[in-house]
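Working notes for the structure below.
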2 protein chains.
Amino acid sequence: MSEGVEWALHSCLNLSWIETGEAMTAAKLAAFYSLPTAYLNKQLQSLAKAGILTSTSGPRGGFRLARPLDKITLMDVVTAIEGAEEAFRCEQILREGPGGSPHVDYRESCVIAQAMRRAELAWRHELAGQTLADIRKTVEGRFPGTPDNTRSWFANLRT
Amino acid sequence: MSEGVEWALHSCLNLSWIETGEAMTAAKLAAFYSLPTAYLNKQLQSLAKAGILTSTSGPRGGFRLARPLDKITLMDVVTAIEGAEEAFRCEQILREGPGGSPHVDYRESCVIAQAMRRAELAWRHELAGQTLADIRKTVEGRFPGTPDNTRSWFANLRT
DNA sequence: GCTTAGTTACTCGGATAAAAAGTGTCCGAGTCAGAAAGG
DNA sequence: CCTTTCTGACTCGGACACTTTTTATCCGAGTAACTAAGC
């Protein structure tokens with residue numbers, strides 16, 4: 001799985017803590033974790049395309065959350081970065097074997113594909129069941145200073 | 001996820017159906033699905049290293065199952081091919097952020113990492129809960145001719 | 001003072017390059033089966 | 001006929017290319033704010 005998922009999740013949380021109506025540039029979000037600016041920008045673009053963030057060009061531009069955190073699931077972010085296709089993609093090798101038919105969709109009928117899909121659905125179900133709001137709530141419960149610290153760090157950022 | 005997982009799973013099932021005490025070569029297993037022989041051999045080697053198959057060199061050599069199918073889970077095969085590391089690997093970017101400490105293991109304490117791990121555990125749990133014996137039983141229930149067809153195909157294989 | 005046009009600096013966005021992982025191939029080391037020779 | 005040696009072919013196993021994906025970078029198009037000029 002791409003490293004960008006981790007960056008995206010953390011950046012979304014940061015965006016929620018500094019929310020002031022102002023947009024946050026990719027450069028500032030990258031500076032927070034010393035990440036390569038241009039590459040994080042690429043990930044944020046993916047989030048924007050997926051409708052999780054909105055982007056604004058020009059001075060005072062940047063990214064901001066497109067909707068409240070409780071409307072953004074972990075699944076949404078993972079799909080935005082990784083794409084929608086499944087990890088185990090059945091290549092239908094049964095079709096090449098004896099008795100294989102070109103007219104059968106083995107992605108549906110192959111028992112192995114079904115078993116792998118069941119596991120992947122369990123994974124997706126867990127991801128879809130947790131919103132970023134849940135994550136933020138847990139973080140704030142364990143580290144109450146995080147919102148203020150984050151906000152003030154971005155406020156005091158130079159250059 | 002690597003394509004080799006699909007090849008490995010199907011090949012293990014085939015091995016169980018033709019089990020006669022004889023070993024099966026990578027070339028024959030590859031011919032069954034018209035797969036590239038040398039590359040399938042590579043995957044089978046991984047299964048052998050993981051203790052799922054045993055390999056024999058020389059004439060009459062090849063691969064055979066190292067233990068009964070009901071002792072082989074989908075998780076075992078996936079781990080053998082893909083490796084044991086998690087799909088979402090926390091790079092601990094919190095360490096590079098303000099307030100980050102070099103002495104904290106953020107793979108454990110980071111709430112995001114925990115949430116992603118929970119999802120991955122659900123996936124692993126599903127995979128570990130299904131043995132190849134379960135798969136075979138289901139296949140034989142839906143396609144009763146499979147064992148005989150497979151066995152006779154390998155028996156009649158030329159060259 | 002207010003409006004308006006022009007300029008400038010800033011930001012995203014996609015095009016481009018480098019690195020890594022995945023995919024595929026080839027040849028050699030070891031080994032076992034079978035043939036051949038000897039008893 | 002049985003045993004033993006030798007040969008030879010067969011198989012895995014790892015080393016070596018090629019392709020695709022991931023990671024990272026760089027500039028240009030567009031935009032909004034600021035400046036300054038005109039009313």
Side-chain angles (χ1 to χ4, degrees), chain A residues 1-8 11 15 21-31 33-66 78 80-89 91 93 157-159, chain B residues 1-8 11 15 21-31 33-64 66 78 80-83 85-89 91 93 157-159:
Chain A
M1 174 174 305
S2 171
E3 190 178 2
V5 172
E6 185 179 4
W7 301 2
S11 294
L15 278 172
E22 299 266 310
M24 186 60 46
T25 69
K28 291 179 182 174
L29 286 168
Y33 296 117
S34 304
L35 300 175
T37 301
Y39 192 33
L40 176 63
N41 186 30
K42 201 180 180 64
Q43 316 293 355
L44 297 177
Q45 281 177 41
S46 297
L47 294 180
K49 269 181 193 166
I52 296 171
L53 302 181
T54 60
S55 63
T56 314
S57 288
R60 306 285 170 116
F63 296 91
R64 69 193 77 188
L65 292 166
V78 170
I81 303 294
E82 292 285 296
E85 79 177 338
E86 303 183 3
F88 179 88
R89 51 197 185 290
E91 297 291 340
I93 63 175
L157 184 57
R158 296 280 166 260
T159 65
Chain B
M1 175 174 305
S2 171
E3 191 178 1
V5 172
E6 186 179 4
W7 300 3
S11 294
L15 278 173
E22 298 265 309
M24 186 60 46
T25 69
K28 292 179 182 176
L29 286 168
Y33 296 118
S34 304
L35 301 174
T37 301
Y39 193 32
L40 175 64
N41 187 28
K42 203 183 180 65
Q43 316 291 354
L44 297 176
Q45 282 177 40
S46 297
L47 294 180
K49 270 184 194 165
I52 295 171
L53 303 182
T54 60
S55 63
T56 314
S57 288
R60 308 283 170 115
F63 296 91
R64 69 192 79 190
V78 170
I81 303 293
E82 292 285 297
E85 78 177 340
E86 302 183 4
F88 179 89
R89 49 197 188 289
E91 298 290 340
I93 64 175
L157 185 56
R158 298 281 165 260
T159 63

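All heavy atoms count here, side chains included; hydrogens, waters and symmetry mates do not. For clarity, every value in this text was computed on a predicted model and none was experimentally measured. Proteins get letters first, then strands, A, B, ... in listed order; numbering begins at 1 in each.
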Could you run down the sub-3.5 Å N/O contacts of the protein with nucleotides 21-27 of chain C?
residue: C:dT23; atom: OP2; partner: B:S2; partner atom: OG; Å: 2.8

Can you tell me how far [atom2] of [N] sits from [atom1] of [X], to the nearest Å?
| X | N | atom1 | atom2 | result |
| --- | --- | --- | --- | --- |
| A:L29 | C:dC12 | CG | P | 9 Å |
| B:E91 | D:dT22 | CD | P | 15 Å |
| A:L35 | D:dT25 | CG | C1' | 15 Å |
| A:L47 | C:dC12 | CG | C1' | 14 Å |
| B:K28 | D:dT11 | NZ | P | 7 Å |
| B:E22 | D:dT11 | CD | P | 12 Å |
| A:L44 | D:dT23 | CG | P | 15 Å |
| A:Q45 | D:dC26 | CD | P | 16 Å |

A:K49 vs C:dG14: side-chain N/O to OP1/OP2 distance below 4.0 Å: yes

Phosphate-side-chain proximity, A:R60 and D:dC34, N/O vs OP1/OP2 below 4.0 Å: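 A:R60 to D:dC34 OP1/OP2: side-chain N or O found under 4.0 Å.
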
Mind checking the [atom1]-[atom2] spacing from [X] to [Y]? Nearest 0.5 Å is all I need.
| X | Y | atom1 | atom2 | value |
| --- | --- | --- | --- | --- |
| A:S46 | A:L53 | OG | CG | 10.0 Å |
| A:L47 | A:I81 | CG | CD1 | 4.5 Å |
| A:T37 | A:K28 | OG1 | NZ | 12.5 Å |
| B:K42 | B:L40 | NZ | CG | 12.0 Å |

Sugar-phosphate only, base, or nothing, as touched by A:A26 at under 4.0 Å among non-hydrogen atoms: sugar-phosphate

Touch class at under 4.0 angstrom, heavy-atom based, for A:A23 against every strand present: nothing

Could you check whether any side-chain N or O of [X] sits under 3.5 Å from a backbone N or O of [Y], counting only pairs where one atom can act as donor and the other as acceptor?
| X | Y | answer |
| --- | --- | --- |
| A:R64 | A:E22 | no |
| B:E3 | A:E91 | no |
| A:E82 | A:M1 | no |

B:T25, nearest nucleotide to its side chain (from C:dG14, C:dA33, D:dC12): D:dC12

Given D:dG13, D:dT31, C:dG14, the nucleotide with the shortest approach to the side chain of B:S55: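 Nearest nucleotide to the side chain: D:dG13.
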
